[in-house]
Amino acid sequence: MNAMNFIGGIFVDAEHQQTIENINPATGERIGTLPRSDASDVESAVNAAKAAQKEWSALSIQERANWLDRLADGLAARKEELARRESRDTGKPLVLARRVDAQRSVDNFRFFATYAQQQEQEVFEMDDATNFVHRKAIGTVGLITPWNLPLYLLSWKVAPALLMGNTVVAKPSELTPSTANLLCEVASEVGLPDGVLNVVHGYGPEVGQAILEHPSIRAISFTGGTSTGRHVAATSAPMFKKLSLELGGKNATIVLDDADLELALDGTLRAGFTNSGQVCLCGSRILLHASIADRFLAKFVERVERMVCGAPEDESTQIGALISQEHLRKVESYIQLGIEEGGAVLAGGTREMTGQVGPTPDGAFLRPTIIDGLNHTSRTVTEEIFGPVVTIHRFDSDDEAIAMANSTQYGLAGSVWSKDAERAHALAQKIETGIVWINTWLHRDLRTPFGGVKNSGVGREGGYWSLNFFSEPLNVCIKHD
Ligand code: NAP
């Protein structure tokens, strides 16, 4: 399918008629095109968004929540199509796209629609006055998202942005345009007012840059890599735009000596290799208490070697393709670096496929890979690889585990595995990060804050934090008689 820009409620090509090819990374086949837009298309989208702003923000929050519910209904009705488009664009297993991407895209709209009803007027009483905090729309907001969880992450921003009365100009990754297009199809089907949601496809340095620079876009919510995030901040901050940055991660999975080993094995496997390690929350550094390390590792290697790496549509596939040949080469270069830095590859590291469908020689496949023996400060261990590669480290005390976990520039997530919840909770609080899971991974309550510290980001999204980011509080102080 060919994706198109969605501006003012109409599907259009790029003004200069240029296109980009959309490639299925599991086969190398061209599956469609998308517009290669530029600043002129962003200008049209901003004009449409500004024209829609007044009426949209004049609706009550409940009326806007009803629109989110309609979008959720429309996406839910096309969930299988959503999963298939996501799987084709990204190369991820279809079963994963169904369970995670399609489900969460619907849930994001549903969650914010319901959450709106739970908000109460914020009031602060003084002896002689009362303060009322009103949450007003910011105006037109810019949303820029990556390719790893395309509609999951876009809808996570679109839903609260619209709920708070803003109009949107969004730019999805040019590698994964198809489900953003599906969202626009649904918006059109349900009759969302024209100009409220605008999507402009194209390259980051062209479309994304134009969004960052546009003076009428007053807030930017960005999810992507840390170096792009640095550029986003440098461009937007001097214009005093409100900024939310959700960036990269290099997360630690910490297995203590008293962990339930079977549970920890399952969790470590899932945290390490879900979506081929292309989730910002993936646990790519596995820290094992020395007393259980050998036992854990023997079983872990065995399980990783059994993982089925194959065609996304094959229901037995656990590891699909990476996002592109270029990314595959980048991940392989890190495996090579790991060997040069003194690491030993215990599993994976090859392009071999083991599924029933295939092989597809032009697919960007890489088997799940384990590297042991690296210093925890080496480049392979501290830089984000964003692929199916984990490294193994041993520690003797909780303090040593904490020091290792904190020895990267990142601070997004982590998990601790232990039967002693109190000990794990105490340890979790010493990790420099935004989220720690204990005896679980990627277990999300959408009301809770999501985001990172250090080079993993600025600000939080989720629940109240999203509503806060996508609104401007107005405090009205009324003096008593
Ligand atoms: P990326 O290269 O930083 O791209 C993210 C988005 O920014 C894309 O839409 C990209 O467009 C756009 N972009 C690129 N240059 C730009 C510019 N000059 N101005 C404005 N926008 C620009 O990241 P990615 O490779 O797509 O995604 C992987 C990264 O995202 C990883 O580091 C991962 O950890 C991170 N991530 C973080 C979270 C989180 O919540 N913290 C969640 C998911 C992913 P193009 O695609 O056209 O380049």
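Along the sequence shown, residues are numbered consecutively beginning with 1. Indexing begins at 1, ligand by ligand and atom by atom, following the structure's order.
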Proximity winner for atom 20 (C) of ligand 1, if only heavy atoms of G208, G142, G452 are counted = G208
What atoms of ligand 1 come within less than 4.0 Å of a heavy atom belonging to G202?
-> 47 (O)
Can you check whether L212 reaches V232 side chain to side chain, under 4.5 Å on heavy atoms?
-> yes
Residue L153 vicinity, atoms of ligand 1 by number, heavy atom under 4.0 Å = 42 (C), 43 (C)
N/O donor-acceptor pair under 3.5 Å between W417 side chain and L263 backbone | no
Pairs involving residues 215-227, ordered by first then second residue, that meet side chain to side chain donor-acceptor pair (under 3.5 Å) (sequence neighbours left out) = K50-S216, K157-S221, K157-T223, S221-E461
Which residue from Y152, W147, F222, F386 reaches closest to atom 7 (O) of ligand 1 through any of its heavy atoms?
-> F222
Subset of ligand 1 atoms that lie under 4.0 Å from at least one heavy atom of C280 = 34 (O), 36 (N), 37 (C), 38 (C), 39 (C), 40 (O), 41 (N), 42 (C), 43 (C), 44 (C)
Best match, S173, S244, G224, G204: closest heavy atom to atom 30 (O) of ligand 1 = G224
According to the interplanar angle, ranging from 0 to 90°, do the rings of F273 and F300 count as parallel (below 30°), tilted (30 to 60°) or perpendicular (above 60°)?
-> parallel
Among N251, T228, L143, T223, closest by any non-hydrogen atom to atom 5 (C) of ligand 1 | T223
Look at the rings of F386 and W147 and say which category their plane angle falls in: under 30° parallel, 30 to 60° tilted, over 60° perpendicular.
-> perpendicular
Sidechain-backbone polar pair: N22 side chain, T176 backbone, donor-acceptor under 3.5 Å = no
Any idea which protein heavy atom is nearest atom 45 (P) of ligand 1, and the distance to it?
-> E174 OE1, 2.8 Å
Any heavy atom of T235 under 4.0 Å from ligand 1? The part involved is neither
At under 4.0 Å between heavy atoms, what of Q278 touches ligand 1? The answer is neither
Determine which pairs satisfy side chain to side chain donor-acceptor pair (under 3.5 Å) with at least one residue from residues 165-174, sequence neighbours left out, and list them in order.
-> Q53-T167, T140-T167
Mark yes or no for whether R285, through its side chain, and A405, through its backbone, hold a donor-acceptor pair below 3.5 Å.
-> yes
Going by the atom numbers of ligand 1, which of them fall below 4.0 Å from some non-hydrogen atom of I144?
-> 6 (C), 7 (O), 9 (O), 12 (C), 20 (C), 21 (N)
Note: ligand 1 atoms sitting under 4.0 Å from heavy atoms of Y203 are 47 (O)
Once the angle between the rings of F112 and W156 is folded into 0 to 90°, is it parallel (under 30°), tilted (30 to 60°) or perpendicular (over 60°)?
-> tilted
Nearest candidate to atom 9 (O) of ligand 1, where distance is taken over non-hydrogen atoms, out of L412, T176, T145 | T145
Atoms of ligand 1 less than 4.0 Å from G225 heavy atoms?
-> 1 (P), 3 (O), 23 (O), 29 (C), 30 (O), 32 (O)
Check the angle between the aromatic planes of Y115 and F111 and answer parallel, tilted or perpendicular using the 30° and 60° thresholds.
-> parallel
Report, in ascending order of atom number, the atoms of ligand 1 lying under 4.0 Å from any heavy atom of H231.
-> 17 (C), 18 (N)
Would you mind running through ligand 1 and noting each atom that sits below 4.0 Å from a heavy atom of F450?
-> 40 (O)
